[in-house]
Amino acid sequence: MSLVFTSPPFALRRQKAYGNVSAAQYIDWFWPIADQILRVLRKDGSFVMELGGAWNPGSGTRSLFPYELLLRLGKIFSLAQDFYWFNPSRLPTPAEWVTIRRTRVKEAVTTLWWLSKTTEPQADNRQVLVPYSKSMKRLLKDGYKAAKRPSQHEIGPHFQRDNGGAIPPNLLTVPNTRSYDEYLFRCRAAGLPIHPARFPPELPDFFIRFLTKPGQTVLDPFAGSNVTGQVAEALGRNWASVEINADYVAGSKLRFGDAEAA
């Protein structure tokens, strides 16, 4: 596998229909899965995991389990980079402390850890360039004088080269507001349950383009409704997905052309 991209069940205080374990159990529960991910990855492959945090029961304080898990994963993987998904449309949670006591602010960022088997994993940020800002377009058009910023960073003449777009930051701003798409429509028509924790396709799209090449293989071991597989196929990659719930598997088939649930 060139890339394992996944979002395992979060350690939420409230149980979800798809099942989730507590923060106290999470590291021991996840570790055998991490071992298998390491086994199937290519030497230059990457493992990207979206992992939401957890609040301690009955408290407005955060569990440290994601960082404890990351430190343990660091014994078998390298941490290539940390990414952050900013979802401006998230509801204000935890409600007790955000909307009632008013002692916390709204949770709107989720971490994505980019881990790798080697310190030099396959990656190419030219595949994920974003449009230049207005000021950069003006600079490319009008030019500028090389100078140092107040921070002492030197802005040299290479900044005048048009590379086709700007290198994106590690903060990915993607609203998750889809209330209607073909997957939802087809599941309702087939009488199948809709997976309640679907991430937007922009997330796997970014990492698949960034970390893989056409024809390589992407794995999602917690596929859910199989957004990862659908995006991988659209980008010309092979894919494999694992999902324990048969109804979600049946629904995920409806993402692909005229497939029927079985």
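When reading the values below, keep in mind they use all heavy atoms of this one structure, side chains included, and skip hydrogens, waters and symmetry mates. Here, residue 1 is the first one in the sequence, and each next residue gets the next number.
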Legend entry - Common cluster, Val227/Val249, ILVMFWY with side-chain heavy-atom separation under 4.5 Å: no
Legend entry - Thr6 versus Asp220, side-chain donor and acceptor atoms under 3.5 Å: yes
Inset, instruction - Calculate, to the nearest 0.5 Å, the distance between atoms CG and NZ belonging to Leu73 and Lys75 respectively. - result: 10.5 Å
Inset, instruction - Answer yes if Trp29 and Leu38 sit in the same cluster of Ile, Leu, Val, Met, Phe, Trp and Tyr residues linked by side chain heavy atoms under 4.5 Å apart, and no otherwise. - result: yes
Inset, instruction - Output yes when Asp28 and Arg72 qualify as a salt bridge under the 4.0 Å nitrogen-oxygen rule, no when they do not. - result: yes
Inset, instruction - Report whether Leu70 and Val109 are members of the same hydrophobic cluster (ILVMFWY, side-chain heavy atoms less than 4.5 Å apart, transitive linking). - result: no
Inset, instruction - Find the distance between CZ (Phe210) and CG (Asp205) and round it off to the nearest 0.5 Å. - result: 13.0 Å
Inset, instruction - Fit a plane to each ring of Phe5 and Phe199, take the angle between them on a 0 to 90° scale, and name the class: parallel (under 30°), tilted (30 to 60°) or perpendicular (over 60°). - result: perpendicular
Legend entry - Side-chain donor-acceptor pair present, Thr110, Arg90, cut-off under 3.5 Å: yes
Inset, instruction - Step through the shown structure and confirm whether more than 12 heavy atoms of other residues, nucleotides or ligands are within 6.0 Å of OH on Tyr67. - result: no
Legend entry - Donor-acceptor contact below 3.5 Å, side chain Asp247 vs main chain Leu192: no
Inset, instruction - Output yes when a side-chain donor or acceptor of Asn245 lies under 3.5 Å from a complementary backbone atom of Tyr248, and no otherwise. - result: yes
Inset, instruction - Taking the side chain as every heavy atom from C-beta outward, state whether Ile194 and Tyr183 have any atom pair closer than 4.5 Å. - result: yes
Inset, instruction - Could you tell me whether the side chains of Asn226 and Ser252 share a donor-acceptor contact shorter than 3.5 Å? - result: no
Inset, instruction - Check the pair Val48, Leu211 against side-chain contact (heavy atoms from CB on, under 4.5 Å), reporting the backbone distance first and the verdict last. - result: CA-CA 10 Å; Val48 177; Leu211 302 176; 3.7 Å; yes
Legend entry - Side chain Ser89, main chain Pro175, donor-acceptor under 3.5 Å: no
Inset, instruction - Calculate, to the nearest 0.5 Å, the distance between atoms CG and CG belonging to Leu219 and Leu41 respectively. - result: 8.5 Å
Legend entry - Side chain Arg42, main chain Ser2, donor-acceptor under 3.5 Å: no
Inset, instruction - Return the orientation label for the Trp239 and Phe256 ring planes: parallel under 30°, perpendicular over 60°, tilted otherwise. - result: parallel
Inset, instruction - Using the six-membered ring wherever Trp is involved, compare the ring planes of Phe30 and Phe222 and label them parallel, tilted or perpendicular (cut-offs 30° and 60°). - result: parallel
Legend entry - Pairwise side-chain contact, Val218 with Glu233, heavy-atom cut-off 4.5 Å (strictly under): no
Legend entry - Arg101 bridged to Glu96 by N-O distance under 4.0 Å: yes
Legend entry - Verdict with supporting geometry, Leu112 and Tyr84, side-chain contact (heavy atoms from CB on, under 4.5 Å): CA-CA 6 Å; Leu112 295 107; Tyr84 301 90; over 6 Å; no
Legend entry - Expected output: side-chain Asp44 to main-chain Ala123 donor-acceptor under 3.5 Å: no
Inset, instruction - Decide yes or no for Phe206 and Phe83: does some side-chain heavy atom of the first lie under 4.5 Å from some side-chain heavy atom of the second? - result: yes
Inset, instruction - Could you tell me whether Arg39 and Asp35 make a salt bridge, using a distance below 4.0 angstrom between a side-chain N and a carboxylate O? - result: no
Legend entry - Inter-residue atom distance Leu69.CG - Leu64.CG, 0.5 Å rounding: 12.5 Å
Inset, instruction - Assess the side chains of Trp114 and Ser46: does a donor N or O sit below 3.5 Å from an acceptor N or O? - result: yes
Inset, instruction - With rounding to the nearest 0.5 Å, note down the distance linking CG in Leu254 to CD in Gln230. - result: 10.5 Å
Inset, instruction - Could you tell me whether Arg62 and Glu107 make a salt bridge, using a distance below 4.0 angstrom between a side-chain N and a carboxylate O? - result: yes
Inset, instruction - Count the heavy atoms belonging to other residues, nucleotides or ligands that lie under 6.0 Å from CD1 of Ile167, then report whether that count exceeds 12. - result: no
Inset, instruction - Drop me the distance from Leu172's CG to Asn87's CG, to the nearest 0.5 angstrom. - result: 12.0 Å
Legend entry - Linked, directly or transitively: Trp31 and Phe77 (ILVMFWY side chains, under 4.5 Å): yes
Inset, instruction - Check whether the side chains of Thr118 and Ser116 place a donor and an acceptor atom closer than 3.5 Å, and report yes or no. - result: no
Inset, instruction - Check for a donor-acceptor pair, side chain of Ser78 on one end and backbone N or O of Ala80 on the other, with a separation under 3.5 Å. - result: no
Legend entry - Neighbour count above 12 (heavy atom, 6.0 Å) for Lys213 NZ: no
Legend entry - Arg237 side-chain N/O to Leu235 backbone N/O, donor-acceptor pair under 3.5 Å: yes
Legend entry - Donor-acceptor contact below 3.5 Å, side chain Arg255 vs main chain Ser225: yes
